[in-house]
Enquirer: 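First, the structure itself, so that you have it in front of you.
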Protein chains: 2
Amino acid sequence: MMLKKIGFIGLGIMGKPMAKNLIKAGYSLVVYDIFDAAVEELNAAGAETASSPKDVAEKCETIITMLPNGPQVKEVVTGAGGILEASVIGRIVIDMSSISPIVSKEMYDECKKKGIRFMDAPVSGGEPKAKDGTLAIMVGCDEDDFEQNVSLLKCMGSSVVRTGEIGSGNVTKLANQIIVALNIAAVSEAFTLATKAGVDPQCVFDAIKGGLAGSTVMNAKIPMILERNFNPGFKIDLHIKDLANALDTAHSIGVPVPLTSVIMEIMQALRVDGKGQNDHGSVVQFYEKLAQVEVKS
Amino acid sequence: MMLKKIGFIGLGIMGKPMAKNLIKAGYSLVVYDIFDAAVEELNAAGAETASSPKDVAEKCETIITMLPNGPQVKEVVTGAGGILEASVIGRIVIDMSSISPIVSKEMYDECKKKGIRFMDAPVSGGEPKAKDGTLAIMVGCDEDDFEQNVSLLKCMGSSVVRTGEIGSGNVTKLANQIIVALNIAAVSEAFTLATKAGVDPQCVFDAIKGGLAGSTVMNAKIPMILERNFNPGFKIDLHIKDLANALDTAHSIGVPVPLTSVIMEIMQALRVDGKGQNDHGSVVQFYEKLAQVEVKS
């Protein structure tokens with residue numbers, strides 16, 4: 001069965017496998033990206049191509065965007081050759097990028113003026129889960145739009161949760177990224193203390209992982225840290241992008257976030273130290289350097 | 001079967017149920033506490049009583065201590081009427097208090113001079129697990145002492161892990177307490193942001209708990225926070241004690257702990273605000289006040 005035609009803009013590390021999963025599920029795709037190689041790969045997989053976001057919007061009623069950050073989403077929606085230049089109404093834009101919820105709301109308002117709906121549906125889980133179609137998708141939109149699009153989203157994610165109105169998906173994603181960053185810092189600070197105190201970190205892990213200190217971050221990152229494996233995973237540079245959006249959003253609505261500001265500075269220090277492309281588990285290396293802990297690497 | 005005689009010093013909220021579990025397991029107990037009521041209760045449960053820690057040490061080869069902090073352990077071991085005043089050798093002191101590992105090592109050295117062994121074996125899990133005999137026990141001592149005492153410890157805990165030599169139990173406990181405090185702060189900061197942004201915290205919880213942000217702290221504390229239940233559990237005042245020991249220990253061995261210092265100040269602010277007897281989940285109330293978030297209570 002051929003399902004409805006879907007536009008897909010943004011074929012990067014995440015977007016490409018997500019788009020392929022839609023083709024696998026039987027959707028007909030019209031794709032656009034500024035990089036030709038990604039477009040050609042999707043074309044070979046059966047997707048039609050478009051010459052601009054405007055062109056995508058003219059060809060498809062539903063348009064998914066998966067872009068690096070807010071400025072790119074603004075450009076694709078409101079820029080020259082953007083979605084809003086198409087002479088169409090009744091379209092829906094599903095923005096799956098991780099951006100500031102402030103930008104999500106701006107885009108919602110801009111689209112509404114032109115009779116186009118906009119929802120935010122950022123994901124978590126990274127490239128492996130994008131490939132498997134098992135992302136966690138956090139969706140901000142009204143209930144009708146959720147009902148109409150949930151089956152489409154389920155081709156890309158195993159958990160699709162409506163978190164509230166427009167922007168709530170990205171607020172939830174920022175909450176997620178704050179917690180992940182701080183939980184990594186927590187285990188890094190604690191394990192560096194234990195290591196310099198001469199206690200085997202594997203023993204500490206075994207002794208505490210089953211109790212109140214236990215976390216998915218501890219289970220995922222401590223084994224990597226013990227193996228000195230800092231291959232991403234999720235890069236420091238990307239986490240910095242999310243924390244910048246978190247700080248902007250928090251300050252714009254009047255929420256002081258003292259710990260988020262500290263972990264932001266720690267990640268900035270790691271970037272200065274040439275570790276921006278490392279996995280965010282590399283936060284432990286900030287502490288090891290600070291404490292001059294010798295670790296075999 | 002009547003097992004060997006065990007001395008038990010410190011019958012507080014934790015010590016009392018732990019001592020009772022030893023009686024249930026068939027051990028003969030000699031108890032001491034500065035509060036008569038606790039001693040009488042154990043006496044009624046079949047324990048012999050002693051007039052001082054010295055008296056306990058004269059009557060028992062194995063002496064468990066479960067005291068509030070380092071100064072009390074020092075007093076009981078090296079003070080007037082203390083364990084080291086007993087004219088005995090070959091005794092072993094198992095200190096199950098949560099104290100600074102620096103004090104654990106000092107006590108080990110003081111005891112060694114008198115031919116007495118000392119091990120640190122702090123616990124986590126709180127009063128409910130003390131009652132059930134399902135504490136997590138982190139043990140610092142040599143392998144022989146561990147082998148000789150592990151069956152005794154298993155009457156009080158479901159997880160008994162040797163973490164290394166003397167002091168390593170308390171280092172592990174401090175690592176645990178740092179992580180727990182920071183994981184609570186992480187969810188508090190993130191959920192206060194979401195709440196003030198107008199997103200239902202229950203939706204945020206549902207959307208993120210299964211991913212990398214998931215933690216035992218989130219699963220335990222978010223439902224309490226949503227119910228505005230700040231009954232301890234584990235009190236802010238006690239967590240402050242542990243963080244003070246963590247900061248002391250970290251600084252004494254040259255480990256800067258920037259995030260631990262911030263969560264310490266947050267808990268100090270809560271204590272100033274009259275919330276020292278609240279559960280440590282009350283950290284969210286620091287953020288709510290800071291952000292002037294209105295929450296039904």
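Remember, predicted model here, so these are calculated numbers, not experimental data. Chain letters run A, B, ... following the sequence lines, proteins first and then strands; every chain starts at 1.
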Enquirer: Which pair of non-hydrogen atoms, one from B:Ala194 and one from A:Val171, has the smallest distance, and what is that distance?
Expert: CA-CG1, 3.7 Å
Enquirer: So how far is it from B:Ile178 CD1 to A:Ser188 OG, rounded to the nearest 0.5 Å?
Expert: 11.5 Å
Enquirer: Hey, could you give me the CD1/NZ distance between A:Ile179 and B:Lys209, rounded to the nearest 0.5 Å?
Expert: 13.0 Å
Enquirer: Tell me, side chain or backbone of B:Ala197 under 4.5 Å from chain A's heavy atoms, or both, or neither?
Expert: both
Enquirer: Given the options A:Val161, A:Ile208, A:Val139, which has more heavy-atom pairs under 4.5 Å with chain B than any of the others?
Expert: A:Ile208
Enquirer: Measure distances from B:Val255 to the heavy atoms of chain A and classify the residue's part below 4.5 Å as side chain, backbone, both or neither.
Expert: both
Enquirer: Quick check on B:Phe191 against chain A: is it the side chain, the backbone, both or neither that has a heavy atom closer than 4.5 Å?
Expert: side chain
Enquirer: Does B:Glu189 reach the main-chain N or O of A:Thr260 with its side chain, forming a donor-acceptor pair under 3.5 Å?
Expert: yes
Enquirer: As an exercise: rank B:Thr192, B:Asp200, B:Leu212 by heavy-atom pairs under 4.5 Å with chain A and give me the winner.
Expert: B:Leu212
Enquirer: Among A:Leu182, A:Val204, A:Leu193, who wins on heavy-atom pairs under 4.5 Å with chain B?
Expert: A:Leu193
Enquirer: Could you tell me which non-hydrogen atom of B:Ser168 sits nearest to which non-hydrogen atom of A:Val199, and how far apart they are?
Expert: CB-CG2, 3.7 Å
Enquirer: I'd like to verify something: which residue of A:Gly164, A:Gly214, A:Ala250 has the highest number of heavy-atom pairs under 4.5 Å with chain B?
Expert: A:Gly214
Enquirer: With a 4.5 angstrom heavy-atom cut-off, is it the side chain or the backbone of A:Ser124 that approaches chain B, or both, or neither?
Expert: neither
Enquirer: What distance do A:Met138 atom CE and B:Cys203 atom SG have between them, rounded to the nearest 0.5 Å?
Expert: 13.0 Å
Enquirer: For A:Ala175 versus B:Ala190, what's the shortest heavy-atom pair and its separation?
Expert: O-CB, 3.5 Å
Enquirer: Compare every heavy atom of A:Ser215 with every heavy atom of B:Ser215, then report the nearest pair and how far apart it is.
Expert: CB-CB, 3.6 Å
Enquirer: So, for B:Tyr287 and A:Pro258, which heavy atoms are closest and what is the spacing to 0.1 Å?
Expert: CE2-CD, 3.7 Å
Enquirer: State whether the number of non-hydrogen atoms from other residues, nucleotides or ligands found under 6.0 Å of B:Lys275 atom NZ is greater than 12.
Expert: yes
Enquirer: For residues B:Ala213 and A:Asn183, report the shortest heavy-atom separation together with the two atoms involved.
Expert: O-ND2, 4.0 Å
Enquirer: Is the NZ atom of A:Lys196 crowded by more than 12 outside heavy atoms at less than 6.0 Å?
Expert: yes
